[in-house]
Each structure stands twice: as structure tokens, then as C-alpha cells.
Amino acid sequence: MERLQGKVALITGGTSGIGAATARLFVQEGASVIITGRNTDRGRQLAAQLGARAGYVRGDVSREADVKAAVEETVRRFGRLDCLFNNAGAGGPRGPIDDIPVAAFDDCFGVLVRGVFLGIKYAAPIMKRQGGGSIINNSSVAGLRAGLSGHVYSAAKAAVIHLTCSVAMELGEGGIRVNCICPGGIATPIFGKGLGLPPERAEETVPVMRRLLEAAQPIRRAGLPEDIAHAALWLASDESTFVNGHALVVDGGLIGGRFWSEFRQGDARRKEAFGLPAE
């Protein structure tokens with residue numbers, strides 16, 4: 001299939017996890033892709049695997065010059081920019097609010113919010129000149145519900161959702177769609193990185209996270225990077241041209257509420273307490 005035939009995409013945080021899976025899928029579907037990230041070895045290796053329609057630019061999304069350079073290199077190499085996937089992420093500080101260092105707060109917002117803002121800022125003028133495009137921001141279900149991650153990460157992801165909606169109202173008038181994806185429990189190296197592990201060790205945590213996340217939602221398996229990649233594919237394609245300002249939840253039902261089996265068990269306990277017969 002070639003659902004992105006002729007399109008050009010820039011994917012931040014593209015060297016592993018969701019970003020790498022999305023880059024592979026986009027190329028398979030006909031797109032030319034530039035990936036950016038801080039792991040140069042992984043970035044170059046992935047770009048080489050993907051072939052002539054892929055390239056790598058080293059970059060830190062919290063740095064304005066790096067984001068600007070990545071957008072410019074995408075246009076220089078492939079002539080246009082049809083899709084920007086602001087995917088780069090970081091786990092953020094955890095623990096009680098009074099224990100969180102201010103520097104850790106700033107670092108988390110620098111990647112998760114400032115990085116998204118910068119990507120939109122530099123992609124928007126190009127897409128305006130082209131008469132359209134698709135900007136996809138990676139948020140989280142933690143931006144929609146409390147208690148799913150640390151305070152700072154959750155607040156940053158909520159900011160991404162609102163920034164998405166706000167900018168969609170502006171850029172939509174120029175034919176540019178701005179949407180975000182809210183993943184649930186996706187087995188990626190981000191969990192290991194959040195524990196302070198180096199990239200290679202963080203990759204080793206993925207099989208463990210798959211097991212730990214199996215029972216977190218009604219669909220009894222961990223979310224995979226490919227689940228989010230397919231959501232990004234739909235938002236990048238012409239199949240979603242009337243979708244704008246939307247937060248697409250991909251979580252296996254994680255934030256839907258209490259499991260039906262748990263509800264039924266509670267119902268049975270209540271009937272027992274009142275001396276009523278079980279069904």
C-alpha cells in the first residue's frame with residue numbers, strides 16, 4: 001500500500017520506539033522521511049536501513065536552532081514538508097511535588113512542550129506556502145486523566161493537547177490540520193530512560209514492560225510502537241482530511257473506566273452483603 005505516496009515527513013524522536021516504528025511505516029507507505037534525535041548512531045543506522053527516501057539529522061527538540069535546522073534540511077533534501085510528527089519524548093521527574101527539582105521541571109517542559117511549539121513554529125510557514133499539511137503531536141492519556149504518570153509529565157502532556165486544539169483553530173484556516181495522539185501504556189525504552197538507564201540498557205527493559213502492561217487495560221496486551229505508528233499514518237494521510245484539533249486516544253481502553261469484570265465482581269459482593277442470590 002502507498003497511502004503516503006509522494007508525501008514528505010519529519011519525525012522527531014525518530015531513533016527508537018514510536019518514532020522509529022513510524023518512520024519505517026511511513027517509508028513503506030511511500031513517504032520520504034527525515035528523522036531527528038540525539039542518538040546519532042541509531043539515527044544513521046535506521047536511515048541507512050530505510051534507504052534513499054530517508055535521512056537523519058541530529059537534533060535536540062528543546063533547542064530552537066536544532067528544530068529549525070531539521071525542518072530546513074527536510075525541505076532542502078525533499079523539496080517540501082507534508083507531515084510533521086512531534087514525537088520526541090522524555091519521562092520527566094517523579095515523586096511528590098515538593099521533591100521535584102525546578103531544573104527537572106524545566107527540562108521536561110523543554111522537550112515535551114517547547115519541542116512541540118518549536119516544531120509547529122517552523123513547519124507552519126512552509127505548510128502555509130504549500131496550501132496544507134498535517135501536524136501530529138504526541139501527547140498521552142496522562143494529559144487527560146490524573147494518576148497515570150508523574151505530575152510534571154502529566155501537566156506537560158495536557159499542555160500539548162491544549163496547544164494542539166488552539167493552534168488547530170488558527171492553522172486549519174490555511175488547510176493545515178493539527179492533531180495529537182494520546183497513547184496509553186506503550187512498551188518502549190522511555191520507561192527505562194525514566195529510571196536513568198542509558199539508551200542500550202533502556203532498550204532491554206522493553207520485554208519486561210510488555211509483561212507489566214499486559215493487564216493494565218481491557219485489551220490484555222501491552223501497547224506497541226506500531227499501534228501509535230498506524231494512528232500517525234492515518235492522521236498523516238488523506239484519509240483524515242476532515243480531522244482537525246482532535247486528541248486521538250490509543251490506549252486499549254485504559255482510561256475508559258473500571259474493568260467490566262471488576263464491576264461484576266463488586267456487584268456480586270454487594271449482593272452477598274445484602275443476602276441476595278448471585279446470578
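The structure presented is a predicted model; accordingly, all values stated were derived computationally and were not measured.
Q130 places a side-chain heavy atom less than 4.5 Å from the side chain of I126. For the pair R94/S149, a side-chain contact is recorded, criterion being any heavy-atom separation below 4.5 Å from C-beta on. In this structure, F85 and L235 have side chains that are not in contact, with every pair of non-hydrogen atoms separated by 4.5 Å or more. At a threshold of 4.5 Å between non-hydrogen side-chain atoms, the residues I18 and E226 do not count as touching. The shortest distance between side-chain heavy atoms of D66 and V61 does not fall below 4.5 Å. In this structure, T36 and I11 have side chains that are not in contact, with every pair of non-hydrogen atoms separated by 4.5 Å or more. Under the 4.5 Å side-chain criterion, counting only non-hydrogen atoms from C-beta, I120 is in contact with L171. L4 is listed as a side-chain neighbour of L233, based on a closest heavy-atom distance under 4.5 Å.
Atom CZ of R63 sits in a sparse spot, with 12 or fewer heavy atoms from other residues, nucleotides or ligands closer than 6.0 Å. Counting non-hydrogen atoms of neighbouring residues, nucleotides and ligands closer than 6.0 angstrom, the CZ atom of R210 reaches no more than 12 such neighbours. Around atom CZ of R38, no more than 12 heavy atoms belonging to other residues, nucleotides or ligands sit under 6.0 Å away. When the shell of 6.0 Å around CD1 of I219 is examined, it contains 12 or fewer heavy atoms from other residues, nucleotides or ligands.
Taken together through direct or relayed side-chain contacts under 4.5 Å among Ile, Leu, Val, Met, Phe, Trp and Tyr, L10 and Y56 form parts of separate hydrophobic clusters. Under the 4.5 Å side-chain heavy-atom criterion for ILVMFWY residues, no single connected hydrophobic cluster contains both I35 and L81.
Membership of an apolar cluster is not assigned to L224, as no side-chain contact below 4.5 Å to another ILVMFWY residue is traced.
Of the possible donor and acceptor atoms, one in the side chain of E29 sits under 3.5 Å from a partner among the backbone N and O of R3. Although no hydrogens or angles enter the test, the distance criterion places no donor-acceptor pair under 3.5 Å between the side chain of S166 and the main chain of H162. A donor-acceptor contact shorter than 3.5 Å links the side chain of Q217 to the backbone of R221. Remark: side-chain polar atoms of T12 are paired, donor with acceptor, to backbone N or O of N87 under 3.5 angstrom. Using a distance-only test at 3.5 Å, with no hydrogens or angles considered, a donor-acceptor pair links the side chain of S237 to the main chain of W234.
For S240, the side-chain hydrogen bond (donor to acceptor under 3.5 Å, both in side chains) criterion is met by R177, not counting sequence neighbours. Residues passing the side chain to side chain contact (heavy atoms under 4.5 Å, CB included) test with D41 are N39, sequence neighbours excluded. Here K157 pairs with L112, S139, S140, Y153 under the side chain to side chain contact (heavy atoms under 4.5 Å, CB included) rule; sequence neighbours left out. By the side-chain hydrogen bond (donor to acceptor under 3.5 Å, both in side chains) test, N137 pairs with N86, T164, sequence neighbours left out.
Across all non-hydrogen atoms, the minimal contact from A236 to S134 is CA-OG, 3.9 Å. Listed here is the closest heavy atom pair of F105 and P93: N-CG, 4.4 Å.
For the residue pair E64 and Y122, a side-chain donor N or O sits within less than 3.5 Å of a side-chain acceptor on the partner.
A salt bridge is defined here as a Lys NZ or Arg NE, NH1 or NH2 lying under 4.0 Å from an Asp or Glu carboxylate O, and R114 with D106 fails to meet this definition. A salt bridge links R76 to E73: at least one charged side-chain nitrogen sits closer than 4.0 Å to a carboxylate oxygen. A salt bridge links D82 with R80: at least one charged nitrogen is closer than 4.0 Å to a carboxylate oxygen.
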Check: residues 244-252 side-chain donor-acceptor pairs under 3.5 Å, at least two apart:
unit_1	atom_1	unit_2	atom_2	d
N244	OD1	V178	N	2.8
N244	ND2	A168	O	3.0
D251	OD1	G253	N	2.9
D251	OD2	L254	N	3.1
D251	OD2	I255	N	2.9

**Message:** Walk me through whether D238 and K7 qualify under salt bridge (Lys or Arg N to Asp or Glu O under 4.0 Å).
**Reply:** CA-CA 10 Å; D238 292 340; K7 294 186 183 294; 3.1 Å; yes

